[in-house]
Q: 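Here it is: the structure, laid out below.
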Amino acid sequence: MSALLEIDDLVVRLPVGGALRPVLRGIDLRLDAGEALGLVGESGSGKSMTARAIDRLLPRGAETSGSIRFDGDEVTTLRGADLRRFRREVSMVFQDPRSHINPVRRIGDFMTEAVIAHGTMSRREATALAIELLGAVRITNPTERLHRFPHELSGGMLQRVMIASALMGSPRLLLADEPTTALDVTTQAEVMAILDELRRERGLAMIFITHDLELAAAVCDRTAVMYAGQIVEINTSRHIEHDPLHPYTSALLRSRPRIDVTMTRLEAIPGQPLSSFEAPDGACAFAGRCPHAADACVTAAPPLVDVDGGATRCSRVDELRGTLHGVDT
Amino acid sequence: MTASLGAVVAPRRLARRLSTIGPLGTVSAIVIGIAALIAVIGPWITPHDPNSTDGITLQFQSAPGHLFGYDANGRDVFSRLLAGARTSMLGPLIVVAASITLGVAIAIAAAWRGGRFDTIVSSALDIAFAFPGILLAILAAAVFGAGLFAAVVVLSLAYTPYIARVVRGSALQERSKPYIAALEVQGMSAWRICARHLLPNVSGIVVAQGTTLFGYAMVDLAAISFIGLGVQPPSADWGVMIFENRQGLAIGKPWPAVLAGLCLVGVVIAFNILGERLARRDAGIR
Amino acid sequence: MSMFRWALTRLARLVAALLISSFVIFSAASLAPGSPLAALSNGRTLPPEQQEQLRVRFHLDDPFLLRYVKWLWNAVQGDFGVSIASRDDVSRLISGRIWITGQLVLYASILILVIGIGLGLLAGLRRGAADSSVLVATALFAAVPAFVAATLLTILFVTELGWFPALGEGKGFVGRIEHLTLPAISLAMASIAIVARVTRAAVREEFGREHVQTAESRGIPRRQLVRRHVVRNAAVPITTVSGLTVASLFALSAIVERAFSINGLGSYLVRAAGTKDIAVVQGISMVIVVAFVVVNLLVDVCYLVLDPRIRTAGDRR
């Protein structure tokens with residue numbers, strides 16, 4: 001069975017201050033139909049940019065190389081109607097629903113506009129489906145909500161509207177870009193549960209973008225960790241969480257506060273996160289902050305090597321393997 | 001004055017200051033500088049008496065020694081353009097100075113007092129903001145008689161909201177910062193805090209807004225003179241010159257009117273561009 | 001509920017604007033040097049019976065505020081008094097000229113809305129040559145005052161090309177259009193530039209909004225995206241600037257009418273101001289202020305239609 005989504009050596013450069021600077025430096029990913037993949041990293045690591053590159057939503061002037069294949073078809077060169085047809089197969093759920101939903105259009109319009117424009121459904125069918133999906137995301141009075149404006153709904157409610165409308169066109173891939181970050185803590189869990197449940201029910205593939213490694217591991221089959229525009233480690237979520245192979249993954253796991261273990265202090269990662277613009281050419285981008293850095297780390301950029309069913313980008317993987325701490329169980 | 005003196009002494013510092021407003025801003029500043037110089041010395045360097053009607057038989061004709069020839073009343077066009085710079089720019093200068101003084105005072109008071117006072121002041125400013133200054137000027141001319149004085153007084157009032165609105169916003173922002181509260185707690189007087197801390201913080205935006213308003217005031221005053229309610233003939237003024245020489249348009253001798261128009265528009269564009277650049281620089285600093 | 005409150009505050013502000021302006025307009029006559037009688041009679045010495053007439057007519061023996069209230073009450077009923085110069089009813093003099101000025105302002109408004117918004121959309125939606133030429137042109141036009149525009153247009157289209165008549169109002173529909181075209185362009189020119197620039201900026205800003213990206217990510221065709229999400233949302237700032245510029249046209253028409261010798265309200269106002277015909281000045285000023293308020297009222301109605309947040313704000317759940 002061939003993969004739903006295959007990304008090979010994706011490089012994206014953005015114009016910054018007159019020059020093109022890389023934001024993604026060679027991404028390789030593979031996603032099967034119905035599979036959920038977590039994409040984790042600090043802000044600026046390129047995780048959102050990866051999702052944007054897939055859905056062809058890069059800022060003006062961006063330059064892309066490498067390949068992205070969806071269902072075997074190359075998408076980086078799609079234009080016009082072909083691009084729109086592809087975008088129907090891929091739905092995006094954005095971080096901040098309040099700014100991602102047109103404030104002057106009613107909820108019903110927001111949900112049905114795309115399917116009506118594509119001609120796949122009549123207005124009446126689309127409205128019926130919208131009501132059904134609003135019910136599925138546990139919004140009460142769905143019929144009445146369709147006539148509301150976005151500002152009349154709370155943030156958590158709006159994000160559920162966003163999720164429901166992402167399902168309108170029966171997509172095969174969901175790109176969820178920090179869907180719960182902008183919400184209240186109490187509504188986060190609820191929205192996350194709805195998203196997870198609906199995805200599983202419908203057999204949707206998902207790329208789930210978050211800065212929360214443990215959340216990603218909880219809802220995704222596999223997890224990829226990004227740093228400075230590259231994937232530094234990818235593996236099954238279980239493996240990533242309990243047996244990290246990259247010092248950065250380990251550091252991320254350990255810098256998170258725990259409620260079940262009393263800790264004297266949090267282990268913050270020393271130094272500043274590096275943006276991919278600043279990443280050195282012939283060295284490991286994490287070397288400056290890595291407690292295990294050695295001479296080899298600053299003389300050559302480590303390649304992504306297959307280990308333990310996943311892959312990691314660390315020169316010292318053989319020495320460190322098994323010694324890095326994950327989440328204690 | 002000391003700033004410009006220092007700039008002459010240290011050209012490098014001048015270059016650095018100009019680089020913050022860009023090449024177009026620099027050109028605008030130069031145009032304004034030349035216009036201001038002519039406004040000051042213009043009446044003394046006119047080759048002919050701007051009010052002498054020697055060429056009354058030579059209306060709209062060119063003549064040796066007269067760069068742009070004679071106007072509709074047989075006066076030397078070039079001399080009138082030079083002399084007109086002063087009247088055309090002195091009025092706006094007073095308008096801008098007065099509206100800045102008034103506007104800044106109102107805005108700082110509103111920002112400082114806050115509460116109900118601020119609400120009343122700012123809604124009054126909102127109403128006055130949109131009110132056309134030219135109508136007020138016509139009204140004033142009807143009451144006090146046509147002339148530059150009434151127009152200048154009225155425009156000063158009409159422009160005050162333009163200054164007060166932006167300054168209030170800026171001052172309000174500064175007012176809410178903790179260090180101001182700290183100074184208040186230390187017992188520094190309101191006057192002192194306003195003068196030493198609020199005022200310097202709004203000076204950039206005041207200069208930018210004042211520059212833009214100078215251009216507007218030039219247009220409005222010239223328009224008032226054009227309709228005959230501002231500067232009175234035979235005084236030389238660019239707005240008056242356009243009106244006086246209108247008859248030349250019909251007989252294919254448009255130059256006296258057009259030259260006056262070009263002088264006006266050129267200087268106004270310079271003020272607009274410089275004002276916009278200064279505002280952008282001020283926004284950049286913040 | 002809150003829409004009602006919004007409408008009420010808007011209305012209150014407009015009424016306040018009307019009251020304040022009418023007070024300014026009325027008290028202007030009293031500010032004049034010398035006695036109000038002197039101002040009303042334009043400094044001429046009148047026979048005692050005429051003085052008495054004026055005294056009664058303008059309630060000069062009443063206290064100032066009472067005089068204002070009476071004047072306003074009469075003005076509301078369309079009675080602005082009698083012109084000193086022509087001894088005719090001011091309201092009659094106004095109604096004879098209001099039509100031509102209304103046509104001029106309407107013509108200019110259409111130009112501003114169609115060309116200004118059109119150019120702004122063009123520049124906002126296209127990049128490159130179209131955008132930069134609109135930017136340069138509007139930067140120039142914005143700085144050209146109406147009377148300079150009048151001068152230049154006359155040279156080009158009347159003297160050089162002979163396409164349009166020079167002065168006057170013209171007869172019949174076609175003649176009227178012919179005569180009002182250059183004045184309307186002069187009146188509209190700077191406003192077109194301003195509206196175009198604001199429209200361009202608003203369109204650009206909306207294009208950068210995240211909700212536009214959402215629509216794009218769903219494969220909405222570009223035309224629909226532009227129409228339903230970019231232009232529709234930019235309509236609010238475009239309405240604001242259009243309203244502001246159109247509202248000021250009534251006052252600016254004085255300059256253009258004078259430049260093209262059109263016998264409308266504006267040029268009559270200037271003439272009356274020159275001869276200190278105070279009743280006429282007051283009457284026309286009031287008409288201009290009312291027109292100004294009416295335009296602002298229209299703008300508020302537009303807001304109500306365009307921005308759902310005004311319509312329903314407050315009952316957020």
Side-chain angles (χ1 to χ4, degrees), chain B residues 24 123-124 126-146 150 154 157 215-216 218-220 222-229 238-239 242-243 245-246 248-255 257-258 260-262 264-273 276, chain C residues 13-14 16-17 20-21 24-25 28-33 39 139-140 142-152 154-155 158-160 166-167 190 243-244 247-252 254-255 257-259 266-267 269-278 280-282 284-285 288-289 292 296:
Chain B
L24 215 54
S123 44
D126 274 352
I127 292 173
F129 176 69
F131 201 80
I134 209 115
L135 181 59
L136 270 187
I138 294 173
L139 211 57
V143 174
F144 300 110
V154 163
L157 293 175
Y216 290 180
M218 272 188 81
V219 169
D220 277 356
I224 293 163
S225 297
F226 175 85
I227 57 177
L229 299 178
W238 294 338
I242 297 173
F243 189 76
N245 296 303
R246 259 187 343 153
L249 304 183
I251 56 169
K253 304 280 185 191
W255 288 110
V258 169
L262 286 181
L264 181 72
V265 173
V267 177
V268 168
I269 290 180
F271 272 107
N272 285 356
I273 293 174
E276 187 230 356
Chain C
R13 267 171 63 165
L14 289 179
I20 294 171
S21 335
V24 168
I25 287 166
S30 317
L31 278 174
L140 266 173
V144 178
F147 59 100
V148 176
T151 310
L152 299 178
T154 306
I155 294 169
V158 180
T159 320
E160 294 297 321
L167 306 168
L244 221 57
S248 65
L249 290 183
F250 291 93
L252 287 176
I255 295 156
E257 286 178 11
R258 180 113 167 131
S267 54
L269 172 66
V270 173
R271 201 140 41 85
T275 56
K276 298 200 171 189
D277 196 344
I278 297 292
V280 172
V281 171
Q282 286 176 331
I284 297 178
S285 299
I288 291 175
V289 167
F292 180 85
N296 276 292

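Computation of the quantities below employed the complete heavy-atom set of this structure, encompassing side-chain atoms and omitting hydrogens, waters and symmetry-equivalent molecules.
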Q: What are the two closest heavy atoms between C:Ala143 and B:Val268, and how far apart are they?
A: O-CG1, 4.0 Å
Q: For B:Ala223, which atoms come within 4.5 Å of any heavy atom of chain C: side chain, backbone, both, or neither?
A: both
Q: When rounded to the nearest 0.5 angstrom, what distance separates CG in B:Asn272 from CG in C:Leu140?
A: 10.5 Å
Q: Given a strict heavy-atom distance threshold of 4.5 Å, which part of B:Tyr216 is in contact with chain C: side chain, backbone, both, or neither?
A: neither
Q: Select one option (side chain, backbone, both, neither) describing which atoms of B:Ala222 are under 4.5 Å from chain C's heavy atoms.
A: both
Q: Looking only at non-hydrogen atoms, find the nearest pair between B:Leu139 and C:Ser285 and report the distance.
A: CD1-OG, 3.4 Å
Q: What I'd like to find out is whether the side chain of C:Thr151 reaches to under 4.5 Å of the side chain of B:Asn245, using heavy atoms alone.
A: no
Q: Can you tell if the side chain of B:Leu135 reaches within under 4.5 Å of the side chain of C:Leu269, non-hydrogen atoms only?
A: yes
Q: So C:Pro145 and B:Val265, do their side chains get closer than 4.5 Å, heavy atoms only?
A: yes
Q: Looking at every non-hydrogen atom in both residues, tell me the closest pair between C:Phe147 and B:Ile242 and how far apart they are.
A: CE1-CD1, 3.5 Å
Q: Sort B:Leu264 into side chain, backbone, both or neither according to what part of it lies under 4.5 angstrom from a heavy atom of chain C.
A: side chain
Q: Measure distances from B:Ile138 to the heavy atoms of chain C and classify the residue's part below 4.5 Å as side chain, backbone, both or neither.
A: both
Q: With a 4.5 angstrom heavy-atom cut-off, could you sort out which part of B:Leu136 is near chain C: side chain, backbone, both or neither?
A: side chain
Q: Do B:Val143 and C:Val281 come within less than 4.5 Å of each other through their side chains, counting heavy atoms only?
A: no
Q: Given heavy-atom pairs under 4.5 angstrom as the criterion, report whether the side chain, backbone, both or neither of B:Ile134 touches chain C.
A: side chain
Q: Could you report the tightest heavy-atom contact between B:Phe144 and C:Lys276, atom names first, then the distance?
A: C-NZ, 4.2 Å
